[in-house]
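Here is the structure we will look at, set down as structure tokens.
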Amino acid sequence: EGAWDVFEGRVYPAFEPDVHKLNTFPIQPWHKLYESIDHGSVNPTAVGWWIWTDPCPLCNQPTRILVDEHYEGGGKGVEYHAAIIKTKRAQLPNKVLLSYLDSQCWAKTQSKGLTTSSIHMEYVNNDIHPIPGVKNWDVAFSRITRALQPCSMSQHPITGKFGSPHLFYLSHCRYFE
């Protein structure tokens, strides 16, 4: 269920929990916090809260660290997930700068009486104002694959050693692994 590392011929061969998992990460006031929402009506809804650093001087990638997540199935509606998102936002030390939502959520496929709406508009009606995320598999795969690779100018967010990847997650984010 969402695992990147448990099957032969995995999607992201460079993904290694021993390398990419952090036990702790102190969020500082200058860290940029972003949110990603993959709303599921049938499949689970997955929300991630990410710290992004400034771009690396060598490869121009930011380092992304998943600092928290919400992952829940059961066909719960937008109102339910929006309430959890707002609660989590209030618990995080930094304000979310931008929220990305799966671009398919802009389709007007939700009906209520005689009107149709979109998942996106339901989030907006619940005071969550996302922008569409990239829905191009090749672009996303390339971005993630590149971020998982070590970069000689990238400093590890905890040890400070050079040669680290640009993608990490905190150990309590168990659905990411």
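Put simply, the side chain of Glu69 gets close to the backbone of Arg174: a donor and an acceptor are under 3.5 Å apart. Looking only at distances, a side-chain donor or acceptor of Thr145 sits under 3.5 Å from a matching main-chain atom of Phe141. Asn94 places a side-chain N or O within 3.5 Å of a backbone atom of His31 that can act as its donor or acceptor partner. Judged by distance alone, with hydrogens and angles left aside, the side-chain atoms of Asn136 form a donor-acceptor pair with the main-chain N or O of Val139 at under 3.5 Å. With His20 contributing its side chain and Pro165 its backbone, the two residues share no donor-acceptor pair below 3.5 Å. When atom types are taken as modelled, the side chain of Ser154 and the backbone of Gly163 share no donor-acceptor pair closer than 3.5 angstrom. With hydrogens and angles disregarded, no donor-acceptor distance shorter than 3.5 Å links the side chain of Arg146 to the backbone of Gln61.
The only member of Asp102, Val78, Leu101, Ile131 that meets side chain to side chain contact (heavy atoms under 4.5 Å, CB included) when paired with His120 is Leu101. Just one of Tyr175, Phe176, Trp49 meets the ring pair (Phe, Tyr, Trp, His ring centres under 6.0 Å) condition when paired with Tyr169; it is Phe176.
The hydrophobic clustering, which links ILVMFWY residues whose side-chain heavy atoms are closer than 4.5 Å, places Ile84 and Tyr71 apart. Both Ile51 and Ile158 are part of a single hydrophobic cluster, where members link through side-chain heavy atoms under 4.5 Å apart.
Nearest heavy atom pair, residue Thr24 against residue Leu170, reads C-CD2, 3.7 Å. Across all non-hydrogen atoms, the minimal contact from His39 to Gly77 is CE1-C, 4.2 Å. Among all heavy-atom pairs drawn from Ser103 and Gly133, the shortest one is CB-O, 3.4 Å.
Residues Leu22 and Cys173 have side chains not in contact (no heavy-atom distance under 4.5 Å, counting atoms from C-beta outward). Here the side chains of Val67 and Ile27 are in contact, with some heavy-atom distance below 4.5 Å. Between Tyr100 and Pro132, the closest side-chain pair of non-hydrogen atoms is not below 4.5 Å. The closest side-chain heavy-atom distance from Leu92 to Leu33 is below 4.5 Å. Residues Cys151 and Leu58 have side chains in contact (heavy-atom distance under 4.5 Å, counting atoms from C-beta outward). Put simply, the side chain of Pro62 reaches to within 4.5 Å of the side chain of Arg64, judged on heavy atoms. Side-chain contact check for Ile128 versus Pro130: some heavy-atom pair is nearer than 4.5 Å.
Between Tyr123 atom OH and Ser99 atom OG the span is 8.5 Å, to the nearest 0.5 Å. Separating the OG atom in Ser36 from the CH2 atom in Trp50 is a distance of 6.0 Å, to the nearest 0.5 Å. The structure places SG of Cys105 at 7.0 Å from CG of Asp38, a figure rounded to the nearest 0.5 Å.
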Original post:
Under the side-chain contact (heavy atoms from CB on, under 4.5 Å) criterion, do His166 and Cys56 qualify, and how do the steps go?
Top reply: CA-CA 9 Å; His166 287 288; Cys56 171; 3.4 Å; yes
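Counting side-chain heavy-atom gaps under 4.5 Å among Ile, Leu, Val, Met, Phe, Trp and Tyr, the cluster of Val124 also holds Met121.
A ring-centre distance under 6.0 Å is not found for Phe25 and Phe168. The aromatic ring centroids of Tyr34 and Trp52 lie less than 6.0 Å from each other.
The stretch residues 77-93 participates, sequence neighbours left out, in these side-chain hydrogen bond (donor to acceptor under 3.5 Å, both in side chains) pairs: Glu35-Arg89, Thr45-His81, Asp68-Lys88, His70-His81, Glu72-Tyr80, Lys88-Gln91.
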